A.B. asks: 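I'd like to ask you about the structure that follows.
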Amino acid sequence: MNAIRIAITHTEATIHPIHSLVCTAPAVSRELILYVTISDGVETTINYVEGDPDVYESALRTELDIDEYEIYPDGDDGCYSYLRNELDMYNRALATAFQRDTLAVIPPIEYLSDRRMVVSLVTTSSDFRELREEIPDELTVDVISVGSVPQIAHAPLTVDQRRALEVAWELGYYEIPRTATLQDIADRLDCAVSTVSDLLRRGQSSLVAAALDVNDH
């Protein structure tokens, strides 16, 4: 058995509208599918979305044809969601390809802003070859890694962390010597200095952890 991490790149036509939000809504940066089950072509998922819960919920309510959904903001630049929706042709074929008795999908399944769906799975080499053959031709499959233990990628920055770091860089907070203060950044973002300090600290911690390939606690 092999632990294989792959990236499946959708086209604009093949990606499900629910998952395309991370590509089209700047306030939503990443979606994690924590649990999924499929019955008679209807997909039920529990997800975590990094980004503005209001933007996400508004899109589900007004822009997408969703059979059933509930949103649970977590108070930290994200929300959990419960979704039920009928799969289209492409995503039904993709789901069928992964429903193999000898294949285990390791959650979460990640949807990124470049239309990549990143999946970690455990399977045999022969089953993986058959899996690739069953994935629709319109989708591109790239192997990220192969090993004996499933690997989960470091989480990217949250939307607010990225914005704070961008403003800090733009104003010269990281220049030597500094040409901006935390107060300058807080004024630009219209928030408290303590909030800016926390966003920068957490963002910097995530970036350093990713660079060193260690867990970010």
Side-chain angles (χ1 to χ4, degrees), residues 1-24 28-51 64 66-67 78 80-157 206-207 209-216:
M1 302 292 286
N2 294 314
I4 305 174
R5 187 167 176 80
I6 62 174
I8 299 174
T9 303
H10 282 265
T11 67
E12 187 175 350
T14 66
I15 192 168
H16 194 286
I18 294 174
H19 308 312
S20 69
L21 284 176
V22 299
C23 310
T24 59
V28 179
S29 60
R30 187 173 70 143
E31 179 188 14
L32 304 176
I33 298 179
L34 308 177
Y35 169 84
V36 58
T37 183
I38 299 169
S39 177
D40 295 328
V42 176
E43 180 184 57
T44 301
T45 62
I46 296 175
N47 317 281
Y48 183 77
V49 175
E50 294 180 349
L64 305 177
I66 307 301
D67 295 336
Y80 292 91
S81 66
Y82 166 86
L83 303 176
R84 278 180 57 81
N85 196 70
E86 186 172 354
L87 293 174
D88 57 24
M89 175 184 66
Y90 293 111
N91 288 279
R92 187 175 296 199
L94 185 59
T96 299
F98 280 97
Q99 291 181 323
R100 308 173 66 87
D101 292 338
T102 54
L103 182 149
V105 176
I106 310 300
I109 299 172
E110 303 176 73
Y111 277 92
L112 306 178
S113 59
D114 55 5
R115 296 201 192 98
R116 285 189 303 155
M117 168 188 172
V118 181
V119 185
S120 295
L121 50 92
V122 176
T123 188
T124 64
S125 298
S126 60
D127 278 339
F128 181 63
R129 286 193 295 270
E130 294 179 9
L131 168 70
R132 296 190 69 162
E133 293 174 358
E134 294 177 9
I135 292 176
D137 294 337
E138 291 84 355
L139 281 62
T140 303
V141 180
D142 296 299
V143 176
I144 298 175
S145 64
V146 178
S148 57
V149 179
Q151 299 294 318
I152 302 298
H154 293 289
L157 301 171
S206 293
L207 291 175
L212 297 179
D213 194 25
V214 296
N215 291 325
D216 180 14

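Since we're looking at a predicted model, the values are computed, not measured. All values below come from the heavy atoms of this structure, side chains included, with hydrogens, waters and symmetry mates left out.
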A.B. asks: Quick one: CG on Leu139 to CG on Leu94, what's the gap to the nearest 0.5 Å?
C.D. replies: 6.0 Å
A.B. asks: What's the spacing between Ile46 CD1 and Thr37 OG1 if we round to 0.5 Å?
C.D. replies: 10.5 Å
A.B. asks: To the nearest 0.5 angstrom, please state how far the CG atom of Asp101 sits from the CG atom of Asp127.
C.D. replies: 9.5 Å
A.B. asks: Which heavy atom of Ile38 sits nearest a heavy atom of Ala95, and at what distance?
C.D. replies: CD1-CB, 3.1 Å
A.B. asks: If I compare all heavy atoms of Arg5 with all of Ser120, which pair ends up nearest, and what's the gap?
C.D. replies: NH1-OG, 2.6 Å
A.B. asks: Consider only side-chain N and O atoms of Thr9 and Arg115, and report whether a donor and an acceptor are under 3.5 Å apart.
C.D. replies: no
A.B. asks: If we only count heavy atoms from C-beta on, is the Phe98 to Val119 side-chain gap below 4.5 Å?
C.D. replies: yes
A.B. asks: Tell me the closest heavy-atom pair linking Tyr90 and Pro136, and the distance in Å.
C.D. replies: O-CG, 4.0 Å
A.B. asks: Could you tell me whether a side-chain N or O of Asp114 sits under 3.5 Å from a main-chain N or O of Arg116, the two making a donor and an acceptor?
C.D. replies: yes
A.B. asks: Would you say Cys23 and Ile15 make side-chain contact, with heavy atoms under 4.5 Å?
C.D. replies: yes
A.B. asks: Report yes if the side chains of Leu103 and Val105 come closer than 4.5 Å at any heavy-atom pair, otherwise no.
C.D. replies: yes
A.B. asks: Looking at side-chain heavy atoms only, is the closest gap between His10 and Asn91 below 4.5 Å?
C.D. replies: yes
A.B. asks: Flag the pair Leu131 / Thr123 as yes when at least one side-chain heavy-atom distance between them is below 4.5 Å, and no otherwise.
C.D. replies: no
A.B. asks: Quick one, Tyr82 and Thr44 - any side-chain contact, counting heavy atoms below 4.5 Å?
C.D. replies: yes
A.B. asks: Over all heavy atoms of both residues, which pair between Leu34 and Pro107 is shortest? Give the atoms and the distance, please.
C.D. replies: O-CB, 3.6 Å
A.B. asks: Can you list the steps and then say if Glu43 with Arg92 is a salt bridge (charged side-chain N to carboxylate O under 4.0 Å, His left out)?
C.D. replies: CA-CA 9 Å; Glu43 180 184 57; Arg92 187 175 296 199; over 6 Å; no
A.B. asks: Ignoring hydrogens, what is the shortest heavy-atom contact between Tyr111 and Val22? Give both atom names and the distance.
C.D. replies: O-CG2, 3.9 Å
A.B. asks: Going through the distances and angles, do Val143 and Arg132 end up as a side chain to side chain contact (heavy atoms under 4.5 Å, CB included)?
C.D. replies: CA-CA 11 Å; Val143 176; Arg132 296 190 69 162; 3.8 Å; yes
A.B. asks: Taking atom CD as the centre, does Gln99 end up with more than 12 heavy-atom neighbours from other residues, nucleotides or ligands that are less than 6.0 angstrom away?
C.D. replies: yes
A.B. asks: Would you check if Phe128 and Asn2 make a side-chain contact, meaning some heavy-atom pair closer than 4.5 Å?
C.D. replies: no
A.B. asks: Given Glu31, which partner from the list Leu112, Asn47, Thr45 fulfils the side-chain contact (heavy atoms from CB on, under 4.5 Å) test?
C.D. replies: Asn47
A.B. asks: Given Met117, which partner from the list Ile6, Ile33, Ile109 fulfils the side-chain contact (heavy atoms from CB on, under 4.5 Å) test?
C.D. replies: Ile109
A.B. asks: Drop me the distance from Glu110's CD to His19's NE2, to the nearest 0.5 angstrom.
C.D. replies: 13.0 Å
